[in-house]
Structures are given as C-alpha cells and as structure tokens.
Amino acid sequence: MTQYLLSLPHDSAEEPTMATMDPADLEAAMAAAGAFIEELMQSGSFVFAGGLMPPSSATTVDNTGEELRTVSGPFVEAPEYLGGFWVIDVADEASAVEWAAKASKALSSRVEVRAIQEPPAED
C-alpha cells in the first residue's frame, strides 16, 4: 500500500477560516468532510487529516545561515494555498484518484493527489 496526500486548495485572496465562514456554510462543509472521513475510515484507508490556518498566520523559520531568522508570513506568495488535507493509504494511484473524486464532489473543491515518498528499497 502507498500513502497519498489529498490536498484542498484555497484562494489566497479570501483566506477563509472556520471562524470567518458563514455558520450555515461551515456546518455544511463540516458535515460533508465528516461523511467523507467516515467513508475513508470504514474502508480502512484513512491515516489522518487536518485543516490549516491561512498563510497570513504562518511564521517562516530559516536557520540555514549563521543566525536564526523568523519572518511573519508564508515562505512564498501564491494565488492559492494548501487549506486542508487527508493522508490516505491505498493500493495505487487509481484508488487515490477515486477517493479524491469523492472528496471533490463532497466539498465542491478541486483536490490534488500526490504520493508520499518512500525510502528506496535496500538491496
């Protein structure tokens, strides 16, 4: 089995959070996400999931030089950002795409599918 990241893009201009969403929209989104996660759990494919705060809440840490630098804000400016994700464990990419299609339909959002790298097999 391979683990895949299913990620949800958000528009950087909006930066929605649960605190700023319309309560009815939040309730609908939480119900849709909950039903999707329940289906993942029932299948045995669920590993973990999370929602992220918007990039404006980020702190970028750079300790690659002689001095530690911290900067308020994201590492890069972008029109979209990673707003939430699921990590799933499935047999192959086709299965991951099937789950992403269900998530996309449930949450009315595009979903990106990416395999999580595994160390190379030892000889």
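In this chain, numbering begins with 1 at the start of the sequence shown.
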Heavy atoms of other groups near Glu80 CD, more than 12 under 6.0 Å: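 Correct, the count exceeds 12.
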More than 12 heavy atoms from other groups under 6.0 Å of CE on Met1: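 Above 12, so yes.
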Flag side-chain contact, heavy atom, 4.5 Å: Gln42 against Glu38: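 Gln42 vs Glu38: side chains touch.
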Any Ser95 side-chain heavy atom under 4.5 Å of Asp92 side chain: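 Yes - at least one pair of side-chain heavy atoms lies under 4.5 Å apart.
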Nearest atoms (heavy-atom pairs only) where [X] meets [Y]:
| X | Y | result |
| --- | --- | --- |
| Arg110 | Pro9 | O-CD, 3.0 Å |
| Ser12 | Ala78 | OG-O, 2.6 Å |
| Ala96 | Ile88 | CA-CD1, 4.0 Å |
| Ala100 | Val113 | CB-CG2, 3.3 Å |
| Tyr81 | Asp11 | CE2-O, 3.7 Å |
| Ala106 | Ala32 | O-CB, 3.3 Å |

Verify same cluster id: [X], [Y] (apolar side-chain graph, 4.5 Å):
| X | Y | value |
| --- | --- | --- |
| Met21 | Phe36 | no |
| Leu82 | Ile116 | yes |
| Val87 | Leu107 | no |
| Leu5 | Val97 | no |
| Val90 | Met41 | yes |

Remaining members of hydrophobic cluster (4.5 Å side-chain criterion), Val61: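 Leu68, listed by chain and number.
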To the nearest 0.5 Å, how far apart are [atom1] in [X] and [atom2] in [Y]?
| X | Y | atom1 | atom2 | value |
| --- | --- | --- | --- | --- |
| Leu8 | Glu112 | CG | CD | 10.5 Å |
| Ser45 | Glu98 | OG | CD | 10.0 Å |
| Glu27 | Asp22 | CD | CG | 10.0 Å |
| Leu40 | Asp89 | CG | CG | 11.0 Å |

Aromatic ring pairing Phe85/Phe48, orientation class (parallel under 30°, perpendicular over 60°, tilted between):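 The rings of Phe85 and Phe48 stand perpendicular, inter-plane angle above 60°.
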Val111 backbone acceptor or donor facing Ser104 side chain under 3.5 Å: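 No, Ser104 side chain to Val111 backbone: no donor-acceptor pair under 3.5 Å.
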Within the 6.0 Å centroid threshold, strictly below: Trp99 and Tyr4: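 No, ring centres 6.0 Å or more apart.
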